[in-house]
Amino acid sequence: MRRYDLALIGFGGVNRALAALIEERGDELAQELGFALRVVAITDLRAGSLVDLDGLDLAPLLATAPGELAFADMKGGSPDPRNEWVIRDVPADIVAEATFTNPADGEPAVSHVRWALEAGKHVCTTNKGPVALHGRKLRNLAAEHGVSFEFEGSVLSGTPVLRTAQRLLSGLRITGVEGIMNGTSNFILGRLEDGADFEAAVSEAQDLGYAEADPTADVEGHDVALKVMILANEVLGADLRSEDVFREGISGITAEDIKDAADKGLRWKLVGSATRRADGSVDARVAPIALSADHPLSGIAGPVNAVAFRTDLLGTVTVSGPGAGRIETAYALLSDIIAIHQRHANDAAASCGHALEETVHG
Ligand code: HSE
């Protein structure tokens with residue numbers, strides 16, 4: 001059975017949840033999907049790095065509280081994350097990148113992805129930065145090295161938005177995409193409708209773990225702007241930069257705005273959209289919009305996210321589901337690994353068929 005050796009870059013909530021999935025469901029997944037997964041390296045800013053080319057024993061690592069993990073004390077461990085060395089030099093098939101990303105330049109995640117692709121390793125990442133800011137360059141680099149660059153978790157965590165567009169909607173012309181892509185701001189707008197005050201709603205969202213470390217990224221639309229760029233570039237084939245996306249957050253919405261909208265049967269939502277114009281260019285924006293009850297996004301409540309695709313033959317197709325969460329985002333990485341396996345299994349079958357044809361006709 002095909003086995004993939006993984007290097008996990010970042011061992012926070014998401015890659016820990018991926019490791020737990022591999023530990024708990026590895027056999028079941030192998031049976032269902034026809035491949036096995038083994039973790040050979042982990043790096044983490046706080047814990048350091050740990051390498052075992054025969055496969056790490058994940059159970060004791062998962063049994064240790066995140067703050068107490070210290071790889072330096074273990075065989076094959078170091079107090080230093082050694083990210084570049086692990087990514088470039090430790091033999092692994094797939095690098096699962098789940099560190100942090102600076103929204104201005106996408107680092108350090110961009111370098112992690114680039115090192116892995118240059119080393120001929122497949123990459124799956126949950127980070128928006130590398131995809132939104134350098135997606136095209138990194139896709140080309142992956143193609144140059146004959147490997148895959150997968151990033152389903154960069155938009156709506158494990159809810160399959162990008163793969164839905166790329167695979168299930170293929171053959172349709174997608175003319176636009178709009179979505180509720182930030183659970184924190186959607187939750188806050190809902191609490192405002194319930195009569196809560198803005199600051200209280202923000203701290204409630206933080207307590208519930210929806211908000212980014214700095215909730216400005218959520219309420220001022222920066223988080224959604226990156227997701228809009230990803231959708232515009234990956235689904236509509238645009239080549240937008242941050243400055244091409246109009247952005248307005250929800251901090252200006254008042255209790256009066258909420259009441260006025262409710263009186264008219266409307267609901268305020270923070271909507272991110274990318275729409276193809278008549279000249280072929282793409283208009284991309286994030287702004288609060290008061291939606292009527294018949295709009296496909298108006299009923300999306302609480303921290304839930306949804307993306308509606310406007311298509312020529314099916315009209316509007318909407319995908320809804322979680323947009324954040326450790327396990328939900330770890331599932332995105334797993335779905336990327338499955339995509340990598342399927343693509344390369346198909347490539348191998350095609351080259352095998354080609355060789356057979358040459359033998360028959362040669
Ligand atoms: N903080 C984001 C949200 C999730 O509230 O939806 C990650 O993009």
Side-chain angles (χ1 to χ4, degrees), residues 10 12-18 97-104 106 109 124-133 135 151-162 177-192 196 198-234 242 245 247-251 253 268-274 286-288 297 300-308 319-333 335-336:
V14 172
N15 263 343
R16 270 182 84 95
L18 178 64
E97 205 284 338
T99 62
F100 57 94
T101 190
N102 166 350
C124 49
T125 186
T126 55
N127 263 316
K128 296 179 279 281
V131 192
L133 305 174
F151 38 81
E152 182 64 65
S154 63
V155 180
L156 264 62
S157 69
T159 303
V161 169
L162 296 171
V177 188
E178 68 182 332
I180 291 176
M181 295 184 275
N182 185 269
T184 301
S185 49
N186 204 47
F187 171 83
I188 292 170
L189 289 170
R191 296 294 291 124
L192 296 183
F198 195 88
E199 296 309 321
V202 172
S203 68
E204 217 179 314
Q206 281 173 314
D207 292 346
L208 288 165
Y210 305 144
E212 298 281 306
D214 173 4
T216 316
D218 295 303
V219 297
E220 297 302 350
H222 297 281
D223 174 64
V224 179
L226 288 175
K227 292 168 184 167
V228 165
M229 279 172 74
I230 295 173
L231 289 171
N233 294 347
E234 301 299 325
S242 313
V245 183
R247 182 187 49 77
E248 185 188 333
I250 60 166
S251 58
I253 302 271
W268 284 102
K269 297 287 175 190
L270 183 64
V271 177
S273 65
V286 181
L297 301 178
I300 303 299
V304 177
N305 285 196
V307 169
V319 179
S320 167
R326 281 176 328 105
I327 294 167
E328 295 83 346
T329 312
Y331 172 70
L333 291 175
S335 76
D336 286 344

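Order of appearance sets the numbers: ligands from 1, and atoms from 1 within every ligand. Heads up: numbering here begins at 1 and tracks the sequence.
Here's the thing with G183: one of its N/O atoms is less than 3.5 angstrom from an N/O atom of ligand 1.
Nearest to atom 7 (C) of ligand 1 among the protein's heavy atoms is E212 OE2, 3.1 Å. Looking only at protein heavy atoms, the nearest one to atom 8 (O) of ligand 1 is K227 NZ, 2.8 Å.
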Just do the salt bridge (Lys or Arg N to Asp or Glu O under 4.0 Å) check on E220 and R247 with the steps written out, would you?
-> CA-CA 8 Å; E220 297 302 350; R247 182 187 49 77; 5.1 Å; no

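Close approach to K128 involves these atoms of ligand 1, each under 4.0 Å from a residue heavy atom: 7 (C), 8 (O). The distance from ligand 1 to the heavy atoms of A324 drops below 4.0 Å at these ligand atoms: 4 (C). Atom numbering of ligand 1 starts at 1 in the shown order; those under 4.0 Å from a heavy atom of D218 are 1 (N), 2 (C), 3 (C), 5 (O). For ligand 1, the atoms sitting less than 4.0 Å from at least one non-hydrogen atom of D223 are 2 (C), 8 (O), numbered in the order shown with element in parentheses. For ligand 1, the atoms lying closer than 4.0 Å to a non-hydrogen atom of N182 are 2 (C), 3 (C), 5 (O), 6 (O).
When each of L297, I250, N186 is paired with K269, the side chain to side chain contact (heavy atoms under 4.5 Å, CB included) condition holds for N186 and for no other.
For the pair N102 (side chain) and A104 (backbone), a donor-acceptor distance under 3.5 Å is present.
At a threshold of 4.5 Å between non-hydrogen side-chain atoms, the residues V219 and I188 count as touching.
The minimum heavy-atom distance between M181 and D223, with the atom names listed, is O-OD2, 3.8 Å.
At a heavy-atom distance under 4.0 Å, atoms from both the backbone and the side chain of T184 approach ligand 1.
Atom CD of E234 is separated from atom CG of L162 by 7.0 Å, given to the nearest 0.5 angstrom.
Around OH of Y331, the count of heavy atoms belonging to other residues, nucleotides or ligands within 6.0 Å does not exceed 12.
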